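All figures in this text were calculated on a predicted structure; none of them were measured in a lab.
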Amino acid sequence: MFTSSARSAVVVTAALAAFTVSCGAEPATPRGGPAAAAPSATASAAPAAPGSAAASAPGDLPAEKVRDAFAGLQATLNDACTPGNCAYFLGRVHDELHRLDRAMKADPKGAGHFPEPIALIAKLDGELGGDRSFENLTKHQKSLIGTRDEINAWMQGHPDDYR
């Protein structure tokens, strides 16, 4: 009988410890980043300059691989701006383009290996003017989706960079 009670106490203690840890944790941000959590939020930061600390992965984390970032961008190809989903979709496309931009700039081959995609994203950023609000992304939806599609086509012609 004592063994059963001790075992129960251990299970209850472990469950309480796990609950306590989870209650103190920061809420998780969806994969799409802040845009997925709050699609209408505006971004006030300008794109990072190549080679700057902001252009690479935050902290001591290794830079993301181009193939992984490209897979995230490709995951948006079958989605569209539909009622109830448009803010999320446009924010995600924007975020995935910038995730790929950071990965390309941090790639061991160097940013010069990806001139077209990086230039396309820079052009899009110029059009958006640093405003990633839903209203502005909607206004520039054609450019946003066009940039995604052009980069997808460019990457399809460079399979060694994402396989």
Side-chain angles (χ1 to χ4, degrees), residues 22 25-163:
S22 70
E26 289 291 321
T29 301
R31 180 173 178 209
S40 62
T42 58
S44 59
S52 70
S56 60
D60 293 333
L61 298 175
E64 184 170 21
K65 293 185 178 194
V66 170
R67 72 161 190 246
D68 296 336
F70 181 53
L73 184 66
Q74 283 187 303
T76 69
L77 291 173
N78 293 327
D79 285 339
C81 192
T82 59
N85 184 39
C86 196
Y88 169 77
F89 169 69
L90 295 178
R92 178 157 183 221
V93 170
H94 178 273
D95 291 348
E96 294 294 348
L97 284 168
H98 287 86
R99 179 177 162 210
L100 182 60
D101 187 56
R102 287 188 305 273
M104 288 177 169
K105 289 175 179 174
D107 191 84
K109 296 175 187 172
H113 186 73
F114 304 98
E116 290 90 348
I118 291 172
L120 288 168
I121 294 168
K123 179 182 175 202
L124 174 67
D125 285 344
E127 292 176 22
L128 294 175
D131 179 3
R132 68 161 325 279
S133 67
F134 173 60
E135 293 76 19
N136 197 45
L137 293 180
T138 302
K139 179 180 171 184
H140 296 283
Q141 180 176 346
K142 186 175 179 180
S143 293
L144 183 66
I145 302 307
T147 300
R148 177 203 63 186
D149 294 346
E150 284 185 68
I151 290 174
N152 181 57
W154 188 90
M155 290 294 289
Q156 295 297 332
H158 297 81
D160 291 343
D161 292 323
Y162 67 90
R163 289 191 178 152

Gln74/Leu77 under side-chain contact (heavy atoms from CB on, under 4.5 Å): CA gap, chis, key distance, verdict:
CA-CA 5 Å; Gln74 283 187 303; Leu77 291 173; 4.2 Å; yes
Could you walk me through whether Asp125 and His98 pass side-chain contact (heavy atoms from CB on, under 4.5 Å), step by step?
CA-CA 10 Å; Asp125 285 344; His98 287 86; 2.7 Å; yes
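Residues passing the side-chain hydrogen bond (donor to acceptor under 3.5 Å, both in side chains) test with Asp149: none are found, sequence neighbours excluded. Taking His113 as the reference, Asp161 meet the side-chain hydrogen bond (donor to acceptor under 3.5 Å, both in side chains) condition, with sequence neighbours excluded. Judged as a ring-ring contact (aromatic ring centres under 6.0 Å, His included), and not counting sequence neighbours, Phe114 has no contacts. When the side-chain hydrogen bond (donor to acceptor under 3.5 Å, both in side chains) test is applied to Ser143, the partners found at least two apart in sequence or on another chain are Glu127. Residues forming a side chain to side chain contact (heavy atoms under 4.5 Å, CB included) with Pro83 (at least two apart in sequence, or on another chain): none.
Between Val66 and Met155 the shortest heavy-atom distance is CG1-CE, 3.7 Å. Across Glu96 and Ala69, no two heavy atoms sit closer than the pair OE1-O, 4.1 Å.
Side-chain atoms of Arg92 do not come within 3.5 Å of backbone N or O of Leu73 as any donor-acceptor pair. Arg132 contributes no side-chain N or O that, together with a main-chain N or O of Asp95, makes up a donor-acceptor pair within less than 3.5 Å. The closest donor-acceptor contact from the side chain of Asn136 to the backbone of Leu128 lies under 3.5 Å.
For residues 69-153, the disulfide (SG to SG under 2.5 Å) pairs, not counting sequence neighbours, are Cys81-Cys86. Here disulfide (SG to SG under 2.5 Å) pairs that include residues 126-163, with residues two or more places apart or in two chains, number zero. For the disulfide (SG to SG under 2.5 Å) condition, no pair includes a residue of residues 92-128, sequence neighbours left out. Residue pairs meeting the disulfide (SG to SG under 2.5 Å) criterion with at least one member in residues 99-163, sequence neighbours excluded, do not occur. Applying the ring pair (Phe, Tyr, Trp, His ring centres under 6.0 Å) definition to pairs two or more places apart or across chains, those involving residues 137-157 are Trp154-His158.
Dense packing is recorded around NZ of Lys109, with more than 12 heavy atoms of other residues, nucleotides or ligands lying under 6.0 Å away.
Contact check for Phe89 versus Leu137: no side-chain heavy atoms found under the 4.5 Å cut-off. Inter-residue side-chain proximity for Val93 and Thr147 is flagged as unmet; no heavy-atom pair is nearer than 4.5 Å.
Glu64 and Arg99 are joined by a salt bridge, as a carboxylate oxygen and a charged side-chain nitrogen come within less than 4.0 angstrom of each other. A salt bridge between Lys139 and Glu135 is absent, with no side-chain N of the basic residue lying under 4.0 Å from a carboxylate O of the acidic one.
Considering CG of Leu124 and NE2 of His94, their distance stands at 6.5 Å, rounded to 0.5 Å. How far OH of Tyr88 is from OG1 of Thr76: 9.5 Å, rounded to the nearest 0.5 Å. With rounding to the nearest 0.5 Å, the separation of CD in Glu116 from CD1 in Ile151 is 10.5 Å.
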